Amino acid sequence: MSGQSGEQDFVAVEETCSGHALCWMEAPALFPADEQGYNALRGKGPVQVSADKAGDAMRGAEVCPERAIIFHRRDPE
Amino acid sequence: VTPKCPVDWFDHHSAEHAADPGAAAAQMLQGPPVKWSDRYGGFWIVSRYADVVRVARDDASFSSRQDFPDEGVSFTGVTIPGGSARTIPISLDPPAFFAFRRLLNPVMSPQESRKLAPMIAAYADWCIDRVIESGSADLVADIASPVPAITTLRLLGLPLDAWKIYADAFHNSAASRPGSPELAQADADAARGMDLVMDMVRRRRAEPKDDLISKLARALVDGRPLTDDEIRSVCYLVLGGGVDTTTALIAHSLQYLDEHRDLRPGLLADPGKLHAFGEEMLRVHTPTQALARTATIDVEVGGQLIRAGDRVMLFWAAANRDPEEFDDPETVRIERHTNRHASFGFGIHRCVGSTLARTEFAEVLSRILTRMPDYELVGTVVRYDSVGTINGLHRLPARFTPRTRSGPGGPPPADLTSLEEGKAAS
């Protein structure tokens, strides 16, 4: 599992985010919305996710209708 | 070139289709993935989830543009057949699309939509107060229709007690078959409602307030103010999208909960479960059943060559039943692990009001399940004559144990604006 070493999980939000805001409903702290309603991380590249937020990040990726959220789980090896 | 194999059994505006739209959606997934209809000037039907996503996202190859007769060209926008009124920004392509969409996004953002939740609950309570002592109501006409209409009027900054003008006109417009006298009447009624909107636009130009009409009256696109026709077209779309689709979602959900009463306490107790239930109702009933595009180039979809200029239907309701995306798609399963349904569309034209619709759904369901926990449907459920674009219900007659009003004594306030000010002050 993640968090067992110094390495981190990452999440990236692609430009295809179109503002459904389902990730925001799942985890508003991890996925804040900008004033246009898009994910504020859209197009910002990979962002580190702390171990306690990995579940939120994964769930956000799962609910996104546009598949715009990419969750990179650190390889447990 | 693949030959066109017309599906002659399919007419999305027919009475046969309205009787069981889900069956037609499921049938469309059988056989060749992209089918052809000779009706309404001819159009392709795209049904598979992956194909619908692909077309919706490719806004360069598939245009949403609608031209009108005085403009000479032939693009007919996002419905089949094309609508009679101009709608902005849904029937614009980039870059003009984005200039207008940027004006709408902030007023219906997730943060702003959630702020409206207490007000929407108050509108629901006002509606329930008007029927709660009698023990009987039409759950569409008395609650599911007025709450979204009142909410939409508030967003725009129109007088709230005019809600029925807009609710009736836009429901009847969506419900009526192309070419019918009912549609002509509804379009005329909507046009009269739009004249009232334009009166308000002129007033807000002189004396702006904090509402969408004031914002549109002062906004710039490409460095110039919006024309009256553009403002009218934006307001028409906000009203059309705001008053009808959410009503359909709430109505179908109330009908489902009549048949599954055991679910009611659990939904009321758990907002997460209520949200998931709403998503599954959105998937199964697909309030906006289908929209359309026009191909701008020769392009292949699902093995089918589509020619530049061809019309293409995006059959959201069929995509929502695609077993490649949804396990056991014909079964209502509230606890689906993921439910990335197609009901709000995909890509740049994704429904701008999706979060507001979800907020309205949650508030209205919560108030009904709290105050009318034992409602049961009686009599005949009346569907729209056509569910080709909007899968709506006209009537849901119900009875329930009478209770007292929640508001202060006396009749419900005729002027909802005063109700709003009272709530804001408290």
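Worth saying up front: this structure is predicted, and the values here are computed from it rather than measured. Here is how names work: the chains are called A, B, and so on, in the same order as the sequence lines, proteins then strands, and each is numbered from 1.
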- [ ] Flag yes if more than 12 heavy atoms outside D210(B) fall under 6.0 Å of its CG atom; otherwise flag no.
- [x] no
- [ ] Would you mind checking which part of H349(B) comes under 4.5 Å of any heavy atom in chain A, side chain (CB onward), backbone (N, CA, C, O), both or neither?
- [x] neither
Open item on the list: Please output the residues of residues 355-363 of chain B in contact with chain A, using a heavy-atom cutoff of under 4.5 Å, in numerical order.
Closed with: T355(B), R358(B)
Open item on the list: At a 4.5 Å cut-off on heavy atoms, which part of R59(A) comes close to chain B: side chain, backbone, both, or neither?
Closed with: side chain
Open item on the list: Taking every non-hydrogen pair under 4.5 Å, which of G345(B), G347(B), A342(B), S109(B) racks up the most with chain A?
Closed with: G347(B)
TODO: Please say whether more than 12 non-hydrogen atoms of neighbouring residues, nucleotides or ligands are located less than 6.0 Å from CG in D222(B).
DONE: no
- [ ] Measure the NE2-CD distance between H337(B) and E62(A) for me, rounded to the nearest 0.5 Å.
- [x] 3.5 Å
Open item on the list: Working to the nearest 0.5 angstrom, can you tell me the gap between N339(B) CG and L22(A) CG?
Closed with: 9.5 Å
- [ ] Would you name the heavy atoms of R67(A) and Y49(B) that are closest together and state the gap between them?
- [x] NH1-OH, 2.8 Å
- [ ] Might you confirm whether atom CD of Q48(A) has over 12 heavy atoms from other residues, nucleotides or ligands at distances under 6.0 Å?
- [x] yes
- [ ] Sort out for me which of R114(B), R101(B), E112(B) touches chain A most, counting heavy-atom pairs under 4.5 Å.
- [x] R114(B)
Task: Side chain Q36(A), main chain R102(B), donor-acceptor under 3.5 Å - done: yes
Task: Considering all heavy atoms, the nearest S354(B)-H20(A) contact - done: OG-O, 4.1 Å
Task: Contacting region of C64(A) [heavy-atom separation from chain B under 4.5 Å] - done: backbone
Open item on the list: Would you say that F346(B) contacts S18(A) through its side chain, given a criterion of any heavy-atom pair below 4.5 Å between the two side chains?
Closed with: no
Open item on the list: Testing the basics here: between G37(A) and P110(B), what is the closest heavy-atom pair and its distance to 0.1 Å?
Closed with: CA-CD, 3.7 Å
